[in-house]
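This one's a predicted model, so the numbers in the text were calculated from it and none came from an experiment.
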Amino acid sequence: MTEEIHEMVKTIKQSFRLMMNGVASSSMREKGVVYKLNWGVPLTNLQEMATSYGKNYELAIELWKEDIRECKIMATYIMPPEKMLPDMIDVWMEKVTTQEIAEILVLNLLQHVNSAPVLAYQWIASDDILRQITGYHLLSRLFMKKQEANERGINEFIDHAATALQSDHVGLKHAAANCVYRFMDLGDAYEKIAQSALGALI
(Lines give C-alpha, C1' and ligand atoms only; values in the text may rest on other atoms or scores of the structure.)
Protein backbone atom coordinates (compact mmCIF):
# COMPACT_ATOMS: atom_id res chain seq x y z
CA MET A 1 0.00 0.00 0.00
CA THR A 2 1.39 3.38 -0.99
CA GLU A 3 1.60 6.23 1.53
CA GLU A 4 -1.07 8.10 -0.44
CA ILE A 5 -3.55 5.20 -0.23
CA HIS A 6 -2.71 4.68 3.43
CA GLU A 7 -3.55 8.33 4.17
CA MET A 8 -6.81 8.07 2.18
CA VAL A 9 -7.91 5.03 4.19
CA LYS A 10 -7.02 6.81 7.43
CA THR A 11 -8.97 9.94 6.41
CA ILE A 12 -12.01 7.91 5.35
CA LYS A 13 -12.07 5.94 8.62
CA GLN A 14 -11.81 9.14 10.65
CA SER A 15 -14.70 10.71 8.74
CA PHE A 16 -17.01 7.84 9.75
CA ARG A 17 -16.82 9.00 13.37
CA LEU A 18 -18.29 12.35 12.38
CA MET A 19 -21.24 10.70 10.61
CA MET A 20 -21.85 8.03 13.23
CA ASN A 21 -25.46 6.99 13.78
CA GLY A 22 -25.54 5.09 17.07
CA VAL A 23 -29.26 4.29 16.81
CA ALA A 24 -28.84 2.64 13.39
CA SER A 25 -25.76 0.76 14.56
CA SER A 26 -27.56 -0.56 17.68
CA SER A 27 -30.62 -1.51 15.63
CA MET A 28 -28.51 -3.59 13.23
CA ARG A 29 -26.81 -5.33 16.14
CA GLU A 30 -30.18 -6.16 17.72
CA LYS A 31 -31.30 -7.68 14.41
CA GLY A 32 -28.22 -9.91 14.33
CA VAL A 33 -26.31 -7.87 11.74
CA VAL A 34 -22.88 -8.01 13.36
CA TYR A 35 -19.70 -6.29 12.21
CA LYS A 36 -16.41 -5.89 14.06
CA LEU A 37 -17.05 -2.14 13.76
CA ASN A 38 -20.23 -0.47 12.56
CA TRP A 39 -20.73 3.29 12.68
CA GLY A 40 -24.30 3.08 11.33
CA VAL A 41 -23.55 5.61 8.57
CA PRO A 42 -26.44 5.82 6.02
CA LEU A 43 -25.78 4.50 2.50
CA THR A 44 -26.55 7.89 0.94
CA ASN A 45 -23.73 9.49 2.94
CA LEU A 46 -21.31 6.73 1.97
CA GLN A 47 -22.24 6.99 -1.70
CA GLU A 48 -21.76 10.74 -1.61
CA MET A 49 -18.35 10.37 0.03
CA ALA A 50 -17.32 7.70 -2.48
CA THR A 51 -18.18 10.04 -5.37
CA SER A 52 -15.50 12.47 -4.21
CA TYR A 53 -12.86 9.72 -4.53
CA GLY A 54 -14.02 8.39 -7.90
CA LYS A 55 -13.10 4.89 -9.08
CA ASN A 56 -9.89 3.76 -7.43
CA TYR A 57 -8.78 0.12 -7.59
CA GLU A 58 -6.00 0.33 -4.98
CA LEU A 59 -8.15 2.24 -2.50
CA ALA A 60 -11.04 -0.20 -2.92
CA ILE A 61 -8.73 -3.16 -2.25
CA GLU A 62 -7.50 -1.65 1.01
CA LEU A 63 -10.96 -0.59 2.19
CA TRP A 64 -12.36 -4.08 1.58
CA LYS A 65 -9.68 -5.58 3.83
CA GLU A 66 -11.01 -3.59 6.80
CA ASP A 67 -13.51 -5.42 9.00
CA ILE A 68 -15.64 -2.27 9.17
CA ARG A 69 -19.11 -2.02 7.63
CA GLU A 70 -18.59 1.43 6.13
CA CYS A 71 -15.19 0.55 4.62
CA LYS A 72 -16.64 -2.47 2.83
CA ILE A 73 -19.57 -0.47 1.47
CA MET A 74 -17.26 2.34 0.31
CA ALA A 75 -15.10 -0.26 -1.45
CA THR A 76 -18.06 -1.42 -3.55
CA TYR A 77 -18.69 2.15 -4.74
CA ILE A 78 -15.03 2.83 -5.54
CA MET A 79 -13.94 -0.43 -7.22
CA PRO A 80 -14.10 -0.29 -11.06
CA PRO A 81 -16.34 -3.25 -12.13
CA GLU A 82 -14.02 -4.16 -15.02
CA LYS A 83 -11.26 -4.88 -12.48
CA MET A 84 -13.40 -7.46 -10.67
CA LEU A 85 -11.94 -10.58 -12.26
CA PRO A 86 -12.95 -14.08 -11.04
CA ASP A 87 -9.97 -14.47 -8.69
CA MET A 88 -10.62 -11.08 -7.14
CA ILE A 89 -14.33 -11.89 -6.72
CA ASP A 90 -13.41 -15.10 -4.86
CA VAL A 91 -11.19 -13.14 -2.49
CA TRP A 92 -13.90 -10.57 -1.84
CA MET A 93 -16.59 -13.20 -1.30
CA GLU A 94 -14.51 -14.71 1.50
CA LYS A 95 -15.02 -11.43 3.38
CA VAL A 96 -18.81 -11.25 2.92
CA THR A 97 -20.22 -11.91 6.38
CA THR A 98 -23.63 -10.19 6.31
CA GLN A 99 -26.61 -10.15 3.99
CA GLU A 100 -26.39 -6.35 3.80
CA ILE A 101 -22.88 -6.48 2.33
CA ALA A 102 -23.90 -9.29 -0.05
CA GLU A 103 -26.77 -7.18 -1.43
CA ILE A 104 -24.65 -4.04 -1.77
CA LEU A 105 -21.81 -5.94 -3.46
CA VAL A 106 -24.27 -7.27 -6.05
CA LEU A 107 -25.95 -3.91 -6.59
CA ASN A 108 -22.79 -1.83 -6.96
CA LEU A 109 -20.38 -4.29 -8.56
CA LEU A 110 -21.23 -7.90 -9.32
CA GLN A 111 -24.19 -7.27 -11.61
CA HIS A 112 -21.80 -5.34 -13.88
CA VAL A 113 -19.08 -8.02 -14.29
CA ASN A 114 -18.90 -10.29 -17.34
CA SER A 115 -18.87 -13.47 -15.26
CA ALA A 116 -22.08 -12.54 -13.38
CA PRO A 117 -24.33 -15.27 -14.88
CA VAL A 118 -21.77 -18.03 -14.24
CA LEU A 119 -21.19 -16.85 -10.68
CA ALA A 120 -24.92 -16.58 -9.92
CA TYR A 121 -25.62 -20.19 -10.93
CA GLN A 122 -22.53 -21.43 -9.07
CA TRP A 123 -23.57 -19.68 -5.88
CA ILE A 124 -27.22 -20.74 -5.79
CA ALA A 125 -25.87 -24.31 -5.89
CA SER A 126 -23.47 -23.63 -2.99
CA ASP A 127 -23.75 -25.13 0.49
CA ASP A 128 -23.00 -21.70 1.96
CA ILE A 129 -26.14 -19.72 2.84
CA LEU A 130 -24.60 -16.29 2.20
CA ARG A 131 -23.29 -17.38 -1.20
CA GLN A 132 -26.74 -18.69 -2.08
CA ILE A 133 -28.33 -15.40 -1.02
CA THR A 134 -25.74 -13.48 -3.07
CA GLY A 135 -26.45 -15.75 -6.04
CA TYR A 136 -30.21 -15.12 -5.91
CA HIS A 137 -29.72 -11.37 -5.58
CA LEU A 138 -27.37 -11.45 -8.56
CA LEU A 139 -29.78 -13.51 -10.66
CA SER A 140 -32.59 -11.10 -9.74
CA ARG A 141 -30.54 -8.22 -11.10
CA LEU A 142 -29.77 -10.11 -14.31
CA PHE A 143 -33.43 -11.01 -14.82
CA MET A 144 -34.35 -7.35 -14.25
CA LYS A 145 -31.96 -6.52 -17.10
CA LYS A 146 -33.92 -9.01 -19.24
CA GLN A 147 -31.05 -11.48 -19.39
CA GLU A 148 -32.82 -14.74 -20.15
CA ALA A 149 -31.56 -18.17 -19.17
CA ASN A 150 -31.16 -21.13 -21.52
CA GLU A 151 -33.08 -24.36 -20.88
CA ARG A 152 -30.35 -25.82 -18.70
CA GLY A 153 -30.13 -22.59 -16.69
CA ILE A 154 -33.89 -22.51 -16.20
CA ASN A 155 -33.94 -26.11 -14.94
CA GLU A 156 -31.06 -25.42 -12.54
CA PHE A 157 -32.71 -22.27 -11.26
CA ILE A 158 -36.10 -23.93 -10.68
CA ASP A 159 -34.50 -26.92 -8.87
CA HIS A 160 -32.42 -24.79 -6.52
CA ALA A 161 -35.20 -22.24 -5.96
CA ALA A 162 -37.59 -25.02 -4.92
CA THR A 163 -35.12 -26.08 -2.22
CA ALA A 164 -34.36 -22.50 -1.10
CA LEU A 165 -38.07 -21.65 -0.81
CA GLN A 166 -38.43 -24.47 1.73
CA SER A 167 -35.41 -23.36 3.76
CA ASP A 168 -35.69 -22.38 7.43
CA HIS A 169 -33.45 -19.37 6.69
CA VAL A 170 -35.69 -16.32 6.23
CA GLY A 171 -33.09 -14.33 4.29
CA LEU A 172 -32.55 -17.16 1.82
CA LYS A 173 -36.29 -17.75 1.33
CA HIS A 174 -36.86 -14.05 0.73
CA ALA A 175 -33.98 -13.77 -1.77
CA ALA A 176 -35.15 -16.86 -3.66
CA ALA A 177 -38.80 -15.72 -3.75
CA ASN A 178 -37.83 -12.27 -5.00
CA CYS A 179 -35.70 -13.92 -7.69
CA VAL A 180 -38.59 -16.14 -8.79
CA TYR A 181 -40.80 -13.04 -9.21
CA ARG A 182 -38.10 -11.36 -11.32
CA PHE A 183 -37.88 -14.57 -13.38
CA MET A 184 -41.65 -14.48 -13.94
CA ASP A 185 -41.39 -10.86 -15.08
CA LEU A 186 -39.38 -12.06 -18.10
CA GLY A 187 -42.62 -13.03 -19.85
CA ASP A 188 -45.64 -15.30 -19.97
CA ALA A 189 -43.63 -18.43 -20.77
CA TYR A 190 -41.42 -17.90 -17.73
CA GLU A 191 -44.40 -17.18 -15.50
CA LYS A 192 -46.02 -20.47 -16.58
CA ILE A 193 -42.81 -22.41 -15.86
CA ALA A 194 -42.51 -20.90 -12.37
CA GLN A 195 -46.20 -21.33 -11.53
CA SER A 196 -46.14 -24.94 -12.70
CA ALA A 197 -42.99 -25.90 -10.79
CA LEU A 198 -43.13 -23.60 -7.76
CA GLY A 199 -46.76 -22.46 -7.50
CA ALA A 200 -47.32 -24.06 -4.12
CA LEU A 201 -44.18 -22.46 -2.70
CA ILE A 202 -44.58 -18.82 -3.76
CA sep, side-chain torsions, deciding dist, call: Met49, Phe16, side chain to side chain contact (heavy atoms under 4.5 Å, CB included): CA-CA 10 Å; Met49 195 196 309; Phe16 295 150; 3.7 Å; yes
Leu59 side chain near Ile12 side chain, heavy-atom distance below 4.5 Å: yes
Residue pair Tyr57, Glu82: steps toward the side chain to side chain donor-acceptor pair (under 3.5 Å) verdict: CA-CA 10 Å; Tyr57 175 79; Glu82 66 275 12; over 6 Å; no
CG/Asn150: more than 12 non-hydrogen atoms of other groups inside 6.0 Å: yes
Side-chain heavy atoms of Met93 within contact of Ile89, under 4.5 Å: yes
Nearest-0.5 Å distance, CD of residue Gln111 to OG of residue Ser140: 10.5 Å
Parallel, tilted or perpendicular: ring planes of Phe183 versus Tyr190, cut at 30 and 60 degrees: perpendicular
Lys83 NZ: over 12 foreign heavy atoms closer than 6.0 Å: no
Basic-acidic side-chain contact under 4.0 Å: Lys10, Glu62: no
Cationic N near anionic O, under 4.0 Å, Lys13 to Glu66: yes
Considering all heavy atoms, the nearest Ala75-Leu63 contact: CB-CB, 3.9 Å
From Ile133 atom CD1 to Leu138 atom CG, the distance as rounded to the nearest 0.5 Å: 13.5 Å
Check against side chain to side chain contact (heavy atoms under 4.5 Å, CB included), Asn56 and Met8: CA-CA 11 Å; Asn56 188 321; Met8 281 185 185; 4.2 Å; yes
Reported NZ-to-NZ distance for the pair Lys95 and Lys65, which is rounded to 0.5 angstrom: 9.5 Å
Side chains of Thr2 and Glu58 in contact at under 4.5 Å (non-hydrogen atoms): no
Arg182 CZ to Asn178 CG distance, which is reported to the nearest 0.5 Å: 5.0 Å
Note, Lys72 side chain near Leu105 side chain (heavy atom, < 4.5 Å): no
Pairwise side-chain contact, Cys71 with Trp64, heavy-atom cut-off 4.5 Å (strictly under): no
Step-by-step side chain to side chain contact (heavy atoms under 4.5 Å, CB included) determination, Met79 to Trp92: CA-CA 11 Å; Met79 173 63 84; Trp92 278 43; 3.4 Å; yes
Reported CD1-to-CG distance for the pair Ile158 and Asn155, which is rounded to 0.5 angstrom: 8.0 Å
Interatomic distance, Met84 atom CE to Thr76 atom OG1 [nearest 0.5 angstrom]: 9.5 Å
Any donor-acceptor N/O pair, Ser196 side chain to Lys192 backbone, under 3.5 Å: no
Heavy-atom side-chain contact between Ile73 and Glu100 under 4.5 Å: yes
